[in-house]
Amino acid sequence: MGSKKYLVTAFVLAFLVMAVVPVWFVLGAVGGEEAHQHGGVTIPVEWFTGKLEAQQEKYGLPDGSVRLPPGSTVYVLAQQFAFRPNTIRLVFGGNYEFIFFSPDVYHGASLIQSGSVNMVIAPDMTARVSIKATQLGEIQLLCNEYCGAGHHLMKGKIIVE
Ligand code: CUA
């Protein structure tokens, strides 16, 4: 599977620690949460890739997407030039915490919808956001930081169903 390949890549890059960048956004309406921030922590990259692999095993669908129940933490690798998993299915009305991680360069995560969200994912770091899936349908997940030749190809999607 493709997931094995990128996990191996991440291990080879062997970043030792990462910090959590406190960035929050709302997907739809989360009352009063806009400015709230997480504190930072550092965790080894192996921890992240382990979570990613477990997520794929537990929630992966045959089409390569993941479908997570409400209350889940969603792990997303942001790497030149893709988000993995590329397609994330959420349950309408559910609360989720997203944790992004970049093993290479600066990336962005932008959600194009009403009350749109923009965040920066710094290299060797995670970026965390909490969302409530209040908008049915497909939401584009775009990289909004120039990260190299394939920057414009770096997009994923979130499907609220
Ligand atoms: Cu990743 Cu632009």
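Owing to the predicted nature of the structure, the values given are computational and were not obtained by experimental measurement.
At a threshold of 4.5 Å between non-hydrogen side-chain atoms, the residues I121 and F101 do not count as touching. Counting heavy atoms from C-beta outward, E57 and V66 have side chains that stay 4.5 Å or more apart. K157 places none of its side-chain heavy atoms less than 4.5 Å from the side chain of F83. Put simply, the side chain of C143 reaches to within 4.5 Å of the side chain of H151, judged on heavy atoms. Under the 4.5 Å side-chain criterion, counting only non-hydrogen atoms from C-beta, T73 is not in contact with F98. Here the side chains of P85 and L52 are in contact, with some heavy-atom distance below 4.5 Å. No side-chain heavy atom of L141 sits less than 4.5 Å from a side-chain heavy atom of S110. Between V74 and I99 the shortest side-chain heavy-atom distance does not fall below 4.5 Å.
The shortest heavy-atom contact between P70 and Y96 is N-OH, 3.4 Å. Nearest approach of Q135 to V160, heavy atoms of both residues: O-CB, 3.1 Å. Of all heavy-atom pairs between G64 and Q56, the closest is O-NE2, 3.4 Å. In terms of heavy-atom proximity, I159 sits nearest to E138 at CG1-CG, 4.1 Å. The shortest heavy-atom contact between F92 and L136 is CD1-CG, 3.6 Å. In plain terms, the two heavy atoms of G108 and N144 that are nearest each other are CA-OD1, 2.9 Å.
Without hydrogens or angle criteria, D104 side chain to Q80 main chain gives a donor-acceptor distance under 3.5 Å. With K132 contributing its side chain and G94 its backbone, the two residues share no donor-acceptor pair below 3.5 Å.
Rounding to the nearest 0.5 Å places CH2 of W47 at 4.0 Å from OH of Y75. How far SG of C147 is from CG of L153: 9.5 Å, rounded to the nearest 0.5 Å. For the atom pair CG (L142) and CE (M154), the distance works out to 10.0 Å, reported to the nearest 0.5 Å. The distance from the OH atom of Y59 to the CD1 atom of I88 is 13.5 Å, given to the nearest 0.5 Å. Atom CG of L90 and atom CD of E161 lie 8.5 Å apart (nearest 0.5 Å). A distance of 10.5 Å separates NZ in K155 from CG in N86, rounded to the nearest 0.5 Å.
For CZ of F81, the number of neighbouring non-hydrogen atoms (other residues, nucleotides, ligands) closer than 6.0 Å is greater than 12.
M119 and V105 end up in different hydrophobic clusters when Ile, Leu, Val, Met, Phe, Trp and Tyr side chains are linked at under 4.5 Å.
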Let me see the working for F100 and T126 under side chain to side chain contact (heavy atoms under 4.5 Å, CB included), right down to the final yes or no. CA-CA 5 Å; F100 292 91; T126 56; over 6 Å; no

Stepwise side chain to side chain contact (heavy atoms under 4.5 Å, CB included) check, V120 with E145: CA-CA 7 Å; V120 173; E145 287 284 323; 3.8 Å; yes

